[in-house]
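To find a chain, count down the sequence lines: A is the first, B the second, and so on, and within it residues start at 1. For clarity, every value in this text was computed on a predicted model and none was experimentally measured.
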There are 2 protein chains.
Amino acid sequence: MPTIGFHKHDHATCISSTLARAEAHCTAHSLKFTPVRRRTLEILLAEHRALGAYDLLAILSNEGLGTAPPVAYRALDFLTGAGFAHKIEGLNAYIACAHLGEDHAPAFLVCTRCKTVAEADTAADKGRLGQAAAATGFKIEKTVIEAMGICPACVEDTPCA
Amino acid sequence: MPTIGFHKHDHATCISSTLARAEAHCTAHSLKFTPVRRRTLEILLAEHRALGAYDLLAILSNEGLGTAPPVAYRALDFLTGAGFAHKIEGLNAYIACAHLGEDHAPAFLVCTRCKTVAEADTAADKGRLGQAAAATGFKIEKTVIEAMGICPACVEDTPCA
DNA sequence: CAATTGGATGTTATAACATATCAATTGGGG
DNA sequence: CCCCAATTGATATGTTATAACATCCAATTG
């Protein structure tokens with residue numbers, strides 16, 4: 001059952017519990033959850049929408065955590081590598097993982113207006129792509145599955161859609 | 001049944017027939033199939049793999065068809081808008097459509113090594129994304145479905161995978 | 001045949017996204 | 001304590017994409 005996130009929830013709790021899980025994961029796997037990395041994830045969790053690397057960098061920079069692009073990209077590389085965040089290819093932007101800890105092949109509903117993103121799990125078989133790949137001997141390393149569109153809130157706010 | 005394209009075929013015929021169909025489509029819809037647009041599609045068809053906008057621009061430039069980035073991006077906008085080409089978001093690159101004329105929601109198997117791309121049609125229901133969208137009131141405008149990996153040919157060529 | 005008009009192009013500049021490189025630092029294991 | 005490896009800091013550059021504005025050209029129409 002896909003878990004969809006266009007609804008209200010207890011944000012402060014969701015942030016702190018996810019950070020705690022991330023911390024635990026790092027401890028368990030001997031990964032370093034450094035201040036920049038931690039803060040980057042915290043920002044993504046707080047925003048709860050896709051942010052560009054330079055948007056993140058601007059925030060980190062304000063807080064004295066680094067000014068040059070590699071700061072943001074290194075943090076994002078770490079977070080995506082650890083499975084704490086995902087890149088939305090259709091936006092060249094990044095979002096906190098909504099299923100931290102579960103090994104998953106994510107799929108997204110992306111609102112192009114407000115950049116809110118809902119994350120769903122894809123089926124284990126990867127659907128038709130998986131069938132097609134199996135039929136031809138193609139070896140899938142990663143899937144990019146994104147639906148770009150307008151979220152319920154933005155649909156209502158649109159004057160003359 | 002998905003149509004998968006990691007096999008040999010009569011390339012010259014495939015190019016010319018696709019160009020002819022594109023031309024017919026433009027005539028029917030009062031679109032202008034100008035030299036730059038035509039040549040851009042021809043290049044994509046001939047390469048039969050994903051090309052970056054600046055790769056295309058280099059070729060067009062050599063042929064006196066324009067030197068500035070907008071030349072390539074305008075041609076690509078036209079081709080993607082008309083359904084003659086698709087953007088592969090995972091590569092920031094572009095490919096000729098393999099199902100020109102059929103209204104379709106494409107899915108791709110993308111070889112990250114040789115940039116060869118196989119195009120399959122997605123199911124009409126758009127799978128779990130469609131279900132998720134329907135459940136929440138999300139309005140899908142476009143889907144991005146890409147499997148990044150290694151194609152059969154490159155798997156074999158890999159020395160020590 | 002002008003005049004109009006709307007899409008297509010030409011051109012310059014810049015915005016936005018991402019990585020290479022190398023030196024300096026830090027923190028844990030031998 | 002020293003070494004190794006990972007992280008950070010800093011500068012520069014590479015890559016992808018669009019904004020803005022001028023101009024051209026071909027089809028319509030008066």
Side-chain angles (χ1 to χ4, degrees), chain A residues 22-23 26-41 44 50-82 84-95 110 112 115 144 146 148, chain B residues 22-23 25-27 29-41 44 50-82 84-95 110 112 115 144 146 148:
Chain A
E23 194 128 19
C26 287
T27 302
H29 294 75
S30 303
L31 298 173
K32 297 185 184 172
F33 203 38
T34 64
V36 179
R37 293 168 177 182
R38 182 188 177 89
R39 181 64 185 136
T40 301
L41 178 55
L44 288 177
L51 287 185
Y54 281 73
D55 297 331
L56 275 165
L57 181 58
I59 298 172
L60 293 172
S61 175
N62 276 337
E63 300 176 357
L65 288 170
T67 59
V71 170
Y73 284 103
R74 283 167 180 159
L76 289 167
D77 282 350
F78 173 84
L79 295 176
T80 54
F84 299 168
H86 302 294
K87 179 175 184 182
I88 305 298
E89 296 287 350
L91 293 177
N92 292 320
Y94 303 83
I95 183 134
V110 181
T112 51
K115 309 241 169 111
V144 177
E146 302 167 4
M148 318 304 289
Chain B
E23 195 129 20
H25 178 92
C26 287
T27 302
H29 293 75
S30 303
L31 298 173
K32 296 185 183 172
F33 202 39
T34 64
V36 180
R37 293 168 177 183
R38 182 188 177 88
R39 182 62 186 136
T40 300
L41 178 55
L44 288 177
L51 286 185
Y54 283 74
D55 297 331
L56 275 164
L57 182 58
I59 298 172
L60 294 172
S61 175
N62 275 337
E63 301 175 358
L65 287 170
T67 58
V71 170
Y73 284 102
R74 284 166 181 159
L76 289 167
D77 283 349
F78 173 84
L79 295 176
T80 54
F84 299 168
H86 302 293
K87 180 176 184 182
I88 305 297
E89 296 288 349
L91 294 177
N92 292 319
Y94 303 83
I95 183 134
V110 181
T112 52
K115 309 240 170 111
V144 176
E146 301 168 4
M148 318 303 290

Determine all donor-acceptor pairs shorter than 3.5 Å in which one atom belongs to a side chain in residues 86-95 of chain B; sequence neighbours excluded.
| from | atom 1 | to | atom 2 | distance (Å) |
| --- | --- | --- | --- | --- |
| B:His86 | NE2 | B:His104 | NE2 | 3.2 |
| B:His86 | NE2 | B:Glu119 | OE2 | 3.2 |

Distance in angstrom units between A:Leu57 CG and D:dT8 C1', rounded: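 Interatomic distance, CG of A:Leu57 to C1' of D:dT8: 14 Å.
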Leading and trailing nucleotides of DNA chain C with any atom under 4.0 Å from heavy atoms of chain B: C:dA8 to C:dT12
Nucleic acid contacts - residues 59-76 of chain A versus DNA chain C, non-hydrogen atoms under 4.0 Å: A:Pro69, A:Pro70, A:Tyr73, A:Arg74
For B:Thr67, all residues meeting side chain to side chain contact (heavy atoms under 4.5 Å, CB included), sequence neighbours excluded: B:Ser61
B:Asp55 or A:Arg37, whichever maps to the more 5' nucleotide of DNA chain D: A:Arg37
By salt bridge (charged side-chain N to carboxylate O under 4.0 Å, His left out) - contacts of A:Lys115 (at least two apart): none
Any donor-acceptor pair under 3.5 Å from A:Arg37 side chain to A:Phe78 backbone: no
Sugar-phosphate only, base, or nothing, as touched by B:Phe33 at under 4.0 Å among non-hydrogen atoms: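 No contact at all - B:Phe33 keeps every heavy atom at 4.0 Å or more from the nucleic acid.
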Comparing A:Asn92 and B:Phe78 on DNA chain C - which has the more 5′ nearest nucleotide: B:Phe78
5' precedence on DNA chain C between A:Glu89 and B:Tyr54 (nearest-nucleotide basis):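 The answer here is B:Tyr54.
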Step-by-step side-chain contact (heavy atoms from CB on, under 4.5 Å) determination, B:Phe33 to B:Leu41: CA-CA 10 Å; B:Phe33 202 39; B:Leu41 178 55; 3.9 Å; yes
Any residue meeting side chain to side chain donor-acceptor pair (under 3.5 Å) with B:Arg38, in chain and number order, not counting sequence neighbours: B:Glu23
Summary of salt bridge (Lys or Arg N to Asp or Glu O under 4.0 Å) pairs that have at least one residue in residues 53-67 of chain A, sequence neighbours excluded: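 As it turns out, the salt bridge (Lys or Arg N to Asp or Glu O under 4.0 Å) pairs with a partner in residues 53-67 of chain A, which skip direct neighbours, are A:Arg39-A:Glu63.
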Pairing nucleotide - D:dA22, Watson-Crick or G-U, each distance under 3.5 Å: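 When the pairing criteria are applied, C:dT9 turns out to be the nucleotide that pairs with D:dA22.
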All N/O donor-acceptor pairs, side-chain side in residues 68-77 of chain A, below 3.5 Å, sequence neighbours left out:
none

